[in-house]
Amino acid sequence: QVQLVESGGGLVQAGGSLILSCAASGRTDSIYAMGWFRQAPGKEREFVAGTNWSGARTYYADSVKGRFTISRNNAKNTVYLQMLSLKPEDTAVYYCAAGRIVTTTRNDYRYWGQGTQVTVSS
């Protein structure tokens, strides 16, 4: 089993920035891909960013490309999501996910964190 714990969410004004962290524990050797998803009230959970465990491959949703950066620290088994130039439409619960392949598809990720709220005020 793999446990994922997110942190770093909060309230920020439009144009501001936040860094989310996701710490993985347990059978981390079974993880190849890490991703961030988000879910706004009344909407489907959507892909935000993903990376393989070496960090050589990264993927982003068009809506965050150029503003968000996914990165990882292998020594700490931690993945980060740096979010710049935040917009009110970025408001959502952000979830960390882990799986065996890097995809944008929610169902391809086996393990999920509990989520962290990000609220961007206008």
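Predicted, not measured: the structure shown is a model, and the values here were computed from it.
Side chain of N52 to main chain of Y32: no donor-acceptor pair is present (N/O by atom type, distance under 3.5 Å, no hydrogens or angles).
Atoms OG1 and OH, on T103 and Y59 in that order, are 9.5 Å from each other to the nearest 0.5 Å. Summarising the geometry, atom OG1 belonging to T69 is positioned 11.0 Å from atom CZ belonging to R67; distances are rounded to the nearest 0.5 Å. Summarising the geometry, atom OG1 belonging to T91 is positioned 8.5 Å from atom CG belonging to L11; distances are rounded to the nearest 0.5 Å. To the nearest 0.5 Å, the span separating CD on Q82 from CZ on F68 amounts to 10.5 Å. Separation of atoms OG1 (T58) and NZ (K65) is listed at 9.5 Å; rounding is to 0.5 Å.
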Please tabulate, for side-chain N and O atoms in residues 13-28, each donor-acceptor pair with protein atoms closer than 3.5 Å (sequence neighbours left out).
{"unit_1": "S25", "atom_1": "OG", "unit_2": "Q3", "atom_2": "OE1", "d": "3.4"}
{"unit_1": "R27", "atom_1": "NE", "unit_2": "D29", "atom_2": "OD1", "d": "3.0"}

Using atom types as modelled, flag every donor-acceptor pair under 3.5 Å from a side chain in residues 34-42 to any protein atom, sequence neighbours excluded.
{"unit_1": "R38", "atom_1": "NE", "unit_2": "E46", "atom_2": "OE2", "d": "2.7"}
{"unit_1": "R38", "atom_1": "NH1", "unit_2": "D90", "atom_2": "OD1", "d": "2.9"}
{"unit_1": "R38", "atom_1": "NH1", "unit_2": "Y94", "atom_2": "OH", "d": "2.9"}
{"unit_1": "R38", "atom_1": "NH2", "unit_2": "E46", "atom_2": "OE2", "d": "3.2"}
{"unit_1": "R38", "atom_1": "NH2", "unit_2": "S63", "atom_2": "OG", "d": "3.4"}
{"unit_1": "Q39", "atom_1": "OE1", "unit_2": "R45", "atom_2": "NE", "d": "3.3"}
{"unit_1": "Q39", "atom_1": "OE1", "unit_2": "R45", "atom_2": "NH2", "d": "3.4"}
{"unit_1": "Q39", "atom_1": "NE2", "unit_2": "K43", "atom_2": "O", "d": "3.1"}

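V93 and Q117 get closest at one heavy-atom pair: CG2-OE1, 3.2 Å. Y60 and I70 get closest at one heavy-atom pair: OH-N, 2.9 Å. Smallest separation of non-hydrogen atoms from W112 and Y109: NE1-O, 3.2 Å. Between E6 and T116, the shortest heavy-atom distance links the atoms CB-CG2, 4.0 Å.
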Given side chain to side chain contact (heavy atoms under 4.5 Å, CB included), test V12 with T119 step by step and report yes or no.
CA-CA 6 Å; V12 64; T119 302; over 6 Å; no
Between L4 and Y95, does a side chain to side chain contact (heavy atoms under 4.5 Å, CB included) hold up when you go through it step by step?
CA-CA 9 Å; L4 303 174; Y95 296 91; over 6 Å; no
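Connection of V79 to V118 is established within a shared hydrophobic cluster, with ILVMFWY side chains joined at heavy-atom distances below 4.5 Å, either directly or through further cluster members.
Inspection of the T105 and N107 side chains reveals no N or O donor paired with an N or O acceptor under 3.5 Å.
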